[in-house]
Asker: 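Could you have a look at this structure, given as structure tokens, before my questions?
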Amino acid sequence: MDDLRAYKEKNGHVNVKQKEDKSLNKFCIHMRYARNHPEKSTTFINEERIAALDALGFRWSTYTET
């Protein structure tokens, strides 16, 4: 979470591209999967973490709206 917060401070968003930060991009993918498939995920996610990600402006969907 600290790395994602720092990324937002530097870039103004949390839409992390793999080419920019492979590890942080992977973290984001794991968070999305954990929320959408909690029964299948090995990553723990709770309401507190969801709220913290929401506060950063985290996108739970990877598609962009036009």
Asker: Looking at every non-hydrogen atom in both residues, tell me the closest pair between K8 and G57 and how far apart they are.
Answerer: NZ-N, 4.3 Å
Asker: By salt bridge (charged side-chain N to carboxylate O under 4.0 Å, His left out), which residues pair with D54, not counting sequence neighbours?
Answerer: none
Asker: Show which side-chain atoms of residues 19-29 pair as donor or acceptor with protein atoms under 3.5 Å away, not counting sequence neighbours.
Answerer:
from, atom 1, to, atom 2, distance (Å)
E20, OE1, Y7, OH, 2.4
E20, OE1, K17, N, 3.3
D21, OD1, S23, N, 3.3
D21, OD1, L24, N, 2.9
N25, ND2, V16, O, 2.8

Asker: To the nearest 0.5 Å, what is the distance between NE2 on H13 and CZ on F58?
Answerer: 13.0 Å
Asker: What pairs of residues pass the side-chain hydrogen bond (donor to acceptor under 3.5 Å, both in side chains) test when at least one of them lies in residues 29-48, not counting sequence neighbours?
Answerer: none
Asker: As an exercise, state the distance from CG of L56 to CG of L4, rounded to the nearest 0.5 Å.
Answerer: 5.5 Å
Asker: Pair V14, R59 - check side-chain contact (heavy atoms from CB on, under 4.5 Å), show working.
Answerer: CA-CA 8 Å; V14 291; R59 289 186 182 169; over 6 Å; no
